[in-house]
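Have a look at the structure below, then the notes.
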Amino acid sequence: MSDLQRERLAYKRSRSRRSTAVALLSTVVFAAVLWFSVRRAPGWPRVRQSFFNLDTAWRTLPAVLDGLWLNVRVLVVAEVAILVLALWIAAVRTLRGSVWFPLRALATGYVDLFRGLPLIICLYLVGFGLPGLRLSGVPNDPVLLGGIALVLIYSAYVAEVFRAGIESVHPSQLAAARSLGLNHEKTMRLVVLPQAVRRVFPALLNDFVALQKDCGLISVLGAVDAVRAAQIESSTSYNFTPYVVAGLLFVLLAVPSGRLADWVSRRAARREGAR
Amino acid sequence: MSQAVLSVRGMVKRYGGTTVLDGIDLDVREHEVVVLIGSSGSGKSTLLRCANLLEELDDGQVLLDGVDVSDPRVDADVARRSMGVVFQAFNLFPHMSVLENVTLAPRVVHGVPREVANDRARDLLARVGLADKAGAYPDRLSGGQQQRVAIARALAYDPRLLLFDEITSALDPELVGEVLALVRELAGQGRTILMATHEMGFAKQVADRVCFLDGGKLLESGPPEQVLGEPVHPRTRQFLGRIIDAGRL
Ligand SMILES: Nc1ncnc2c1ncn2[C@@H]1O[C@H](COP(=O)(O)OP(=O)(O)OP(=O)(O)O)[C@@H](O)[C@H]1O
Ligand SMILES: [Mg+2]
């Protein structure tokens, strides 16, 4: 290595050390300012007592965690169902030809309906309306019904994400696949969808994080999830801390997905960077 | 005379109100290299796409070995198996490695076992000078390398007819040579090729027949010495004159 290059590297290193130090310092100052101004607020002692009570937090943590475990299970099952259903709807919407008109129209109507319907109303309709029919075979388990409502709403969203991905694949890719003799189904499965899914992966993860939070809404049907557990605990202890505990747990749950999304989009950018 | 591998009869193609192809008749016989020339927008790509049934005809027929494959009752996917297309813009699949690009059709369309398809693909890649690139992804290759992969992909299932659409026009002059050398080699092997090109020098050397496309019609067709040397039609003369002015002949 030449002296010139050595000197340049040393300079770069000193620069990066300096910017790390600056970042650290400004973070500490910012946190300190925030901390002192909140503490100086006149209502702070009461807020701390009823929202940030460590004893209550520790005491109610097991119950809330138990509830969160239910959220996680609902999340996983619902997400799988959502991805399958959404992919299917998106693929149906790409079919051309009048034979497929009824299916296509059905898929379009489905997306229009469930993308527009507020989740909370869908939860009430499915959670209280379906069992209200008293049909045999209709479940009345709030967890299952809540899960169904989530799948209905989110699959409409995710189908549109997939469709955007499918349409972003250039027509020349389709022409190339068809010219090799691949039929529509194989062209979709082997050429279009893999490219589409890669492109929309960050958007999918974003919807996944939104779903993580919305899983907490099944509590309105009476399912004892993290939110409901926090509600029960807070009403017995006359303290809002359990809600904060549940909120923090949801945030912690979302962090890995966020990091994964960042990582995946960086990797995708690197791989497709040349174009 | 042997039956034509590809035979285009009265082909008409319209986009909206404009008639791009207005009754094209064209035969490509076995081992023949037919070159389509014509100014930009004259419909060369459209003719090739219609021949490959990627576009629906508005009239006329496409016959492959005498069978009318433009008939809606014929499965176009099956007809395409005997044609290999190389596009102007390569159109490699970016999410697949070079080897996967080349083996896709043999494996999923022709049912060739993976190992056999891989071996054959490696042979082909070696022949186009890319033996060491089998595992690479298309975006890591130069334009000329990508185009040679596209040619290997079209050759992988040994199609009866090759359709090349200006396969050098997206390439730097240095890379044009390497791709044209490959086409020359394919022609030497007796492949049947229909290609559109702006490389008149190349057409002169390799073509058995040159066809001049203008205003949706095949105005002139014959041996390269005649069409490029002593064109009969004034439009052909005008076109070639422009090409000579541009220094491409
Ligand atoms: N999908 C399409 N929709 C509408 N018009 C089209 C379409 N494809 C081609 N055309 C039109 O058809 C005409 C012929 O196009 P084509 O691509 O076949 O020309 P070409 O001879 O290949 O030209 P070039 O040498 O520039 O590639 C053009 O006027 C073009 O605008
Ligand atoms: Mg063209």
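Naming: A, B, ... by sequence-line order, numbering from 1 per chain.
A:Glu185 CD: more than 12 foreign heavy atoms inside a 6.0 Å radius. A 6.0 Å sphere centred on CZ of A:Phe208 holds more than 12 heavy atoms belonging to other residues, nucleotides or ligands. More than 12 heavy-atom neighbours from other residues, nucleotides or ligands sit within 6.0 angstrom of CZ on A:Arg6.
With a threshold of 4.5 angstrom between heavy atoms, B:Leu92 approaches chain A through N, CA, C or O but not through any side-chain atom. Contact annotation for B:Arg49: only side-chain heavy atoms (C-beta onward) come within less than 4.5 Å of a heavy atom of chain A. Using a 4.5 Å cut-off between heavy atoms, B:Phe90 makes no contact with chain A at all. In this structure, the portions of A:Leu190 lying under 4.5 Å from any heavy atom of chain B include both its backbone and its side chain.
Taking both residues in full, the closest heavy atoms of A:Ala176 and B:Phe87 are given as CA-CE1, 3.6 Å, listed atom of the first, atom of the second, then distance. Listed here is the closest heavy atom pair of B:Met96 and A:Val191: CE-CG2, 4.5 Å. The shortest heavy-atom contact between B:Arg80 and A:Arg178 is CD-O, 2.9 Å.
At least one side-chain heavy atom of A:Gln195 sits less than 4.5 Å from a side-chain heavy atom of B:Pro94. Within the 4.5 Å cutoff, side-chain heavy atoms of B:Phe93 are placed close to those of A:Leu180.
Here B:Leu104 is the residue among B:Leu53, B:Val86, B:Asp75, B:Leu104 with the most heavy-atom pairs under 4.5 Å with chain A.
The closest donor-acceptor contact from the side chain of B:Asn91 to the backbone of A:Gln173 lies at 3.5 Å or more, if one exists at all.
Taken from OG in A:Ser179 to CZ in B:Arg153, the straight-line distance is 6.5 Å, to the nearest 0.5 Å.
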